[in-house]
Every structure is written in C-alpha cells, then in structure tokens.
Amino acid sequence: MRRAGRTGRARTGTLAATAALVAGLLGVGGSAAGAGGAAGNAMPGNAVAGNAVAGNAMPGNAVAADDCDTGVSLPPKEQAGAKIQEIRKRGRLVVGVDQSAYNWGYRDSQTGKIEGFDIDLARAVAKSVLGDPDKVVLKTIATADRINVLKDHQVDLIARAMTVTCERKKQIAFSAPYFKVSQRVVAPKAAHAGSVAQALGGKRVCAALNSSSHTELKANAHGAASVVTPDNQLDCLVLMELGEADATLSDSSLAAAMVAQDQTMELAGESFLPTYMGVGMNQDDTDLIAWVNQVLVEWRGGGWQTSYDTWLRPSMGVPDPYRPW
C-alpha cells in the first residue's frame, strides 16, 4: 500500500463549491437508476436501523466468527451520568464530522455552514442533551483520525458516515445503527466496468486511510495493481478526476455522494459486505452511548425521514418501506 500526497487537496474547495449544482441518481446498498436498477429501490431490505440494541438485534445482521455483532449497542436510556454532566457543564456538544461528504456532512459553498444528514443527527443529540440544537461544536475530522480523536477525548462523539466494524468495536463504542451500508466501487463511466472484478482488477484503486474499504483492500485486494490511501474520501474522487486513480472503493453512502458530485462517475458492479453506520463514541462514556440510542429511537419517529428527504432522496431514491426497528 502507498499513501497519497496532498495532490487532491487544492481541488477540494472547487468540488465543494460545485457540489450543490450536480444532481445524482445512484443509491445506497444496491443499484439505482443509471446503475442497472430501479430508482425507487435505492436501499433494498433493511435500509435503516434504530432499535438494534443488546437483546434486540436486527434480523440479518452480519455476525463475525468471534460473535461480534455490528448491529448491537447499549439499550437506550436517558441518564445524566458523568459524560452527560461534563457536556452540560461545558455547555456544548463537540462532534467530529466531515466537511466534504456531499449531503452527509459538507460545507455549503454559499453559506459556509457544514450541513447534511449526519449534521442533522448531531444537532438532534445536542437538542436532547442541552435543549438547543445549536449548542454544538462541529469539529472536522479526517477519516484516518476518527478512532484516535475518540480515544483521546478530543470529541464527544463522531457523526461522520462511520461504518460499524468488529475491529473498530474493539477500540471504540458505537450507537445502534442508523443506516444500512455496503461496500461499493466508484469508477469513471468511460471504464464500462460491469463488475467489481472488472472495476478493480489490475487497476490503481483508492480508499481513504483507515476506512473500512482500506481494511477490506488490505485483506482482499480484489486484484488491484496498487492501492492509494489519502486521508479523506473526497481526495479519491479528485485523484480519479486527475487520472491518478482508476477506481475507488468506499461504503455505499459515500460512494453515492461521490457520484452525486461528479456525473462522469458511476457505481460499478455489485454491492458487497453489508453492514451499518453508527455514531462513534468512547467506550468509557456508557451514559452518552445509551443517551444517543434514545435519541435515535425518537429521531426515527420523524426526524430521520425529514432529514433523508432533505439531503438524500434526490440521489438515493425512495427508501424501501421495510425498516426493522
């Protein structure tokens, strides 16, 4: 594996400025219009989670051989333990976010504000804990740094399209899932890649450093000739645009965001390795973990759908009505 330099950083601002002008058509966890599927079935099966707590895991969860269940978290409960009291004394919830994941957490070029689906979730937690959705500090975090900033208590939680994996659960804690994702390949339409094997085999493949996709490529290179690992996923899109990478492996949520930003790209081949996205937290902060899970219980009662309609429906289509919560 080799790590990319800062080649793509100079163009990140340009992409962010034009992102709002580009309409996307591709979905999460499966095909959608333009990728061999139906636009109304962008998230087949259990697209959204929210009640996968201990003793009540979602059906169909991926369970590893060591009995790690990526859909299990602490039971939801509002109890002002040590962490909640610390946040209230400070008067602000500090949340690690992305600023370049289109529609999930990105800086709007017109307002300069960071907005998106994950940002709505962060504000919902702030409102629940502090009574005000604006009492939140959004701290931009590189993909590669997410684990460390949680372990070092630099942020209270991370709402950053973070995939729940068994390896990560050994180091940090996760909330109950709030979105179902899988691994997807993004490639230029001109490549005409009809499968994962065609998209990655013999190609220069990009994956953000320490992402779940990077972990997958270390375990199974899928025939890639080389792998480049920048700090953030958007850099992979820039590298493809510059002709310095042939394809990108990412989780399906961010893959759809990249396609929405650049219509010369498409989701190539099939989805694989289904799992979930969750809010990341320090393992010691059990009261915060339970509190966030309670927020998710309430958020799925209406806030989730409102946020989805605002940010994700245009590029991901209508969610499947089946939601195992």
Side-chain angles (χ1 to χ4, degrees), residues 12-13 15-17 19-20 22 24 28 48-50 87 90-143 145-146 149-150 154-164 174-179 181 208 211 232-234 250-258 260-261 276-281 288 291-316 319:
T12 299
L15 280 171
V22 183
V28 171
V48 186
I87 294 168
R90 184 197 310 137
R92 290 289 186 273
L93 178 74
V94 182
V95 182
V97 299
D98 202 341
Q99 65 174 344
S100 57
Y102 187 45
N103 291 328
W104 289 89
Y106 77 109
R107 193 176 298 277
D108 185 277
S109 61
Q110 302 300 315
T111 66
K113 295 180 180 179
I114 300 177
E115 300 178 323
F117 187 85
D118 280 333
I119 308 307
D120 286 353
L121 175 54
R123 294 189 183 281
V125 176
K127 182 178 180 180
S128 178
V129 174
L130 297 166
D132 186 342
D134 292 327
K135 288 186 175 181
V136 60
V137 175
L138 302 177
K139 186 172 182 178
T140 57
I141 303 295
T143 303
D145 297 333
R146 293 175 296 182
V149 298
L150 281 173
Q154 296 179 41
V155 297
D156 298 316
L157 55 87
I158 291 210
R160 196 188 180 284
M162 194 171 188
T163 304
V164 184
F174 283 96
S175 71
Y178 64 92
F179 217 93
V181 293
S211 65
N232 288 300
Q233 203 69 40
L234 183 61
S250 175
D251 73 62
S252 50
S253 60
L254 297 180
M258 282 190 278
Q261 285 179 286
Y276 307 104
M277 281 169 26
V279 177
M281 287 162 280
L288 179 60
W291 195 295
V292 170
N293 285 341
Q294 182 60 43
V295 172
L296 289 173
V297 169
E298 297 166 0
W299 198 48
R300 70 172 182 261
W304 186 96
Q305 188 66 57
T306 299
S307 187
Y308 183 90
D309 291 344
T310 300
W311 301 109
L312 304 179
R313 183 187 290 268
S315 60
M316 295 184 179

Heavy-atom closest pair, residues P133 and A126: O-CB, 4.1 Å
Can you check whether L121 reaches L296 side chain to side chain, under 4.5 Å on heavy atoms? yes
Would you check if the side chain of R160 reaches a backbone N or O of I141 as a donor-acceptor pair within less than 3.5 Å? yes
Counting distance only, does the side-chain N/O of D118 pair as donor-acceptor with the main-chain N or O of G105 below 3.5 Å? no
Tell me yes or no: between the side chains of Y308 and D120, is some donor less than 3.5 Å from an acceptor? no
Could you grab the distance from atom CD1 of I119 to atom CG of N103, nearest 0.5 Å is fine? 11.5 Å
Shortest non-hydrogen pair, T143 vs N232, comes out as N-OD1, 3.1 Å
What distance do M281 atom CE and F174 atom CZ have between them, rounded to the nearest 0.5 Å? 9.0 Å
Within the structure provided, determine whether L138 and R123 are in side-chain contact (heavy-atom separation under 4.5 Å). yes
Mark yes or no for whether S307, through its side chain, and G303, through its backbone, hold a donor-acceptor pair below 3.5 Å. no
Minimum side-chain heavy-atom gap R90-K135 below 4.5 Å: no
How about D98 and Q233: do any of their side-chain heavy atoms sit closer than 4.5 Å? no
Which residue is it: V125, L93, V94? I am looking for the one with a side chain to side chain contact (heavy atoms under 4.5 Å, CB included) to I87. L93
Can you name the nearest heavy-atom pair linking S250 to A255, along with the distance? OG-N, 3.7 Å
What distance separates S175 OG from M277 CE, expressed to the nearest 0.5 Å? 9.5 Å
Look at the aromatic rings of F117 and Y178 and report parallel, tilted or perpendicular, splitting at 30° and 60°. parallel
Using atom types as modelled and distance alone, determine if a side-chain donor or acceptor of S128 lies under 3.5 Å from a backbone N or O of A124. no
Are L150 and V155 side-chain neighbours, meaning at least one heavy-atom pair lies under 4.5 Å? yes
Check step by step if salt bridge (charged side-chain N to carboxylate O under 4.0 Å, His left out) holds for K113 and D108. CA-CA 6 Å; K113 295 180 180 179; D108 185 277; over 6 Å; no
Are Q261 and L234 packed together at the side-chain level, in the sense that at least one heavy-atom pair is separated by less than 4.5 angstrom? yes
Indicate the ring-plane relationship of W104 and F179, choosing parallel, tilted or perpendicular according to the 30° and 60° boundaries. perpendicular
Which distance, rounded to the nearest 0.5 Å, do you find between the CZ of R92 and the CG of D132? 7.5 Å
